[in-house]
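Shown next, in structure tokens, is the structure this report addresses.
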Amino acid sequence: MKLSTIGTLITGLVLTSCKVGPNYQKPDISDITPAQWKWQPAAPKDAEPRGEWWTVFREGELNRLEKLALQTNQDLRAAMARLDQARAFVGVSSAAYSPEISFQGGAKREKTSGNPPSPVPIPIPSAQLNSFSAPLALSYEIDLWGRVRRSVESARATADATNADLLSVQLSLTGEVAATYFLLRSFDAELVALRTTMATQEKTIGLIEQRFKAGTVAEADFAKAKSEVATTKADLADVKRQREEAQATLAVLCGQPASTFSVKEHPIAGSAPKIPVGLPSKLLERRPDVASAERKVAAKNASVGAAIAGYFPAVSLTGQAGFLSKETASLFDADSKVWSIGPSVNLPVTGIFVTQARVAKVKAEREEAIAAYRQAVLGAIKDVETSLTQIRYRGEQSAAQAEAVAAAAKATELTRQRYESGSVSYLELLDAERTSLLRERLAAQVKAQSHIATVRLVKALGGAW
């Protein structure tokens with residue numbers, strides 16, 4: 001058979017080949033996807049900014065930290081390396097589309113037996129022989145049943161899932177940087193309140209000391225005033241400790257050593273921005289973890305087809321061409337040319353039971369991936385609803401807390417005036433100051449939590465809207 005005829009036959013077989021196994025269809029999730037969000041009506045805004053979502057907070061220091069984290073965070077670099085691995089494996093799988101060609105040159109000297117087994121009673125003398133070869137070997141599996149194509153399909157879907165995992169790591173990183181940043185800023189606001197209160201308390205204790213020496217107030221009032229200043233100092237030290245710990249966490253997220261990393265104190269300015277949430281169905285197109293789960297289902301589905309192909313005979317084409325000679329001087333002469341080519345068929349017989357088990361295993365893995373995908377959808381919906389709930393009630397809490405701060409500050413000022421005029425006892429002033437400080441600290445915490453809830457919502461929406 002001529003080589004051109006063999007080539008035509010192979011081309012025809014490839015063109016008429018099929019892909020066994022189920023073609024992929026995205027799992028149905030209509031039964032678990034709501035029409036709109038519980039706490040906020042759908043309001044898609046395609047013109048809203050995307051990408052660097054943290055810029056909507058208008059915090060220059062946050063923008064700097066986010067860029068630093070994206071450049072130097074080690075978890076993100078590891079995720080990038082995993083994506084490179086997945087893409088390289090696609091290349092490995094795609095290599096099966098082409099014949100495998102290798103050079104198998106060699107030289108050999110051998111001595112033959114003078115008493116070889118032979119059905120013909122003719123003595124064959126012993127001899128010493130030299131052989132030199134320089135052939136190219138070819139091996140190619142004709143993908144009649146789509147095993148290679150399904151394997152490549154699975155590898156590509158896996159690479160897409162890994163890319164989505166990278167985006168998920170990136171989104172989680174930027175969200176954690178923003179949340180930790182606003183937590184840090186809440187400590188800054190508490191420090192301002194504590195320092196202001198302590199300065200006022202120190203002025204008050206000076207007044208009480210004068211009155212005590214003059215004999216107009218009891219020593220108990222002076223002792224209580226000193227105790228209150230010491231308590232405020234202790235609270236100040238505790239908040240400083242918490243701020244240092246949050247700063248160290250932020251350093252790790254930004255890929256920096258905690259010992260050399262610092263963020264200047266600066267309380268949060270302004271309120272959290274309003275984020276349009278859009279339609280629940282659109283969420284599935286943005287959430288990288290949901291996209292990753294869906295691509296993993298596609299990969300497992302393709303693996304089912306690759307496993308089913310094991311039921312069918314594998315047809316391979318092998319060949320060899322090159323030179324063979326007993327002497328190096330004549331190795332590349334025309335008469336030293338050798339070649340061989342031919343197909344081979346490998347049909348599983350007892351191995352069919354192994355194939356059956358493999359198919360069952362991969363089908364079970366596909367069902368697991370479908371369940372994981374549906375769970376990812378449910379988790380995404382829960383994340384959005386939880387964030388919307390937090391934003392709603394944090395907003396109400398923040399407004400009420402602002403009123404409480406203003407009222408407590410007014411009450412403290414009036415009580416101080418009455419105390420200085422001798423109309424009320426120091427205990428009343430002390431109680432008013434404690435209430436005012438508590439309200440200020442709670443207001444700072446609630447404000448930070450409002451910002452953090454907005455960050456969580458952006459993460460739940462996939463980092464864009």
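- In this structure, Arg241 does not pair ionically with Glu244, as no charged nitrogen and carboxylate oxygen lie closer than 4.0 Å.
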Donor-acceptor pairs under 3.5 angstrom involving side-chain atoms of residues 257-280: please list them, not counting sequence neighbours.
unit_1: Thr260; atom_1: OG1; unit_2: Pro257; atom_2: O; d: 3.4
unit_1: Glu265; atom_1: OE1; unit_2: Arg195; atom_2: NH1; d: 2.8
unit_1: Glu265; atom_1: OE2; unit_2: Arg195; atom_2: NH2; d: 3.4

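- Distance alone, capped at 3.5 Å, is enough to place a donor-acceptor pair between the Asp143 side chain and the Gly146 backbone.
- Here the CD-CD distance, from Glu141 to Glu100, works out to 11.5 Å after rounding to the nearest 0.5 Å.
- Without hydrogens or angle criteria, Asn73 side chain to Leu253 main chain gives a donor-acceptor distance under 3.5 Å.
- For Gln74 (side chain) and Thr72 (main-chain N/O), a donor-acceptor pair under 3.5 Å exists by modelled atom type.
- A salt bridge is defined here as a Lys NZ or Arg NE, NH1 or NH2 lying under 4.0 Å from an Asp or Glu carboxylate O, and Arg243 with Glu190 fails to meet this definition.
- For Arg287 (side chain) and Leu461 (main-chain N/O), no donor-acceptor pair under 3.5 Å exists by modelled atom type.
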Give every donor-acceptor pair under 3.5 Å between a side-chain atom in residues 359-366 and any protein atom, sequence neighbours left out.
unit_1: Lys361; atom_1: NZ; unit_2: Glu365; atom_2: OE2; d: 2.4
unit_1: Glu365; atom_1: OE1; unit_2: Lys300; atom_2: NZ; d: 3.2
unit_1: Arg366; atom_1: NH1; unit_2: Asn301; atom_2: OD1; d: 3.2

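- The environment of CD in Glu368 is sparse: at most 12 heavy-atom neighbours from other residues, nucleotides or ligands sit within 6.0 Å.
- Of the possible polar contacts, one joining the Thr174 side chain to the Leu171 backbone as a donor-acceptor pair under 3.5 Å is found.
- Between Arg185 and Phe187 there is no side-chain heavy-atom pair separated by less than 4.5 Å.
- The two residues Pro288 and Leu167 have their closest heavy-atom pair at CB-CB, 3.8 Å.
- Remark: Glu110 CD is packed, more than 12 non-hydrogen atoms of other residues, nucleotides or ligands lying under 6.0 Å away.
- One side chain, Ser325 or Ser330, offers a donor N or O that lies under 3.5 Å from an acceptor on the other.
- When all heavy atoms are compared, the tightest approach of Ala293 to Ala376 is CB-CB, 4.1 Å.
- The two residues Val455 and Ala179 make their nearest non-hydrogen contact at CG1-N, 4.2 Å.
- Counting all heavy atoms, side chain and backbone alike, Ile101 lies closest to Leu138 at CG1-CD1, 4.3 Å.
- Of the possible donor and acceptor atoms, none in the side chain of Thr162 sits under 3.5 Å from a partner among the backbone N and O of Leu83.
- A donor and an acceptor atom, one from each side chain of Gln85 and Arg82, are nowhere located under 3.5 Å apart.
- For the side-chain hydrogen bond (donor to acceptor under 3.5 Å, both in side chains) with Asn130, the qualifying choice from Lys326, Glu327, Arg109 is Arg109, the only one to do so.
- Residues Leu194 and Lys233 fail the side-chain proximity criterion, which asks for heavy atoms closer than 4.5 Å.
- We find that Lys459 and Asp383 are not joined by a salt bridge, their nearest charged nitrogen and carboxylate oxygen being 4.0 Å or further apart.
- Val405 meets the side-chain contact (heavy atoms from CB on, under 4.5 Å) test with Arg439, Glu440, Ala443; sequence neighbours excluded.
- For Arg374 and Asp31, the salt-bridge test passes: some basic side-chain N is under 4.0 Å from an acidic carboxylate O.
- Close placement of the Phe57 and Phe182 rings is indicated, their centers lying within 6.0 Å of each other.
- Between Leu457 and Thr386, every side-chain heavy-atom pair lies at or beyond the 4.5 Å cut-off.
- In this structure Tyr311 satisfies the ring-ring contact (aromatic ring centres under 6.0 Å, His included) test with no other residue, sequence neighbours excluded.
- For Ser154, the side-chain contact (heavy atoms from CB on, under 4.5 Å) partners are Thr158, Ala299, Ala302, Ser303, not counting sequence neighbours.
- Between Ala159 and Val90, the shortest heavy-atom distance links the atoms CB-CG2, 3.9 Å.
- In this structure, the side chains of Trp54 and Val458 stay at 4.5 Å or more apart for every pair of heavy atoms.
- The closest side-chain heavy-atom distance from Ile142 to Ser316 is not below 4.5 Å.
- The closest side-chain donor-acceptor pair between Asp289 and Ser168, if any, does not fall under 3.5 angstrom.
- Looking at heavy atoms from C-beta onward, Thr318 lies out of side-chain contact with Ile341 at the 4.5 angstrom threshold.
- In this structure, Gln375 places its CD atom where only 12 or fewer heavy-atom neighbours from other residues, nucleotides or ligands lie under 6.0 Å away.
- Taking a 6.0 Å sphere around CZ of Phe89, one finds it holds 12 or fewer heavy atoms contributed by other residues, nucleotides or ligands.
- Residues Thr249 and Glu245 fail the side-chain proximity criterion, which asks for heavy atoms closer than 4.5 Å.
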**Prompt:** Does the pair Arg156 and Glu153 meet the rule for a salt bridge (Lys or Arg N to Asp or Glu O under 4.0 Å), with working shown?
**Reply:** CA-CA 5 Å; Arg156 286 175 176 166; Glu153 182 182 333; over 6 Å; no

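- The shortest non-hydrogen separation linking Ala246 to Leu184 is CB-CD1, 3.9 Å.
- Identified under the salt bridge (charged side-chain N to carboxylate O under 4.0 Å, His left out) test for residues 58-79, with sequence neighbours left out: Glu61-Arg64.
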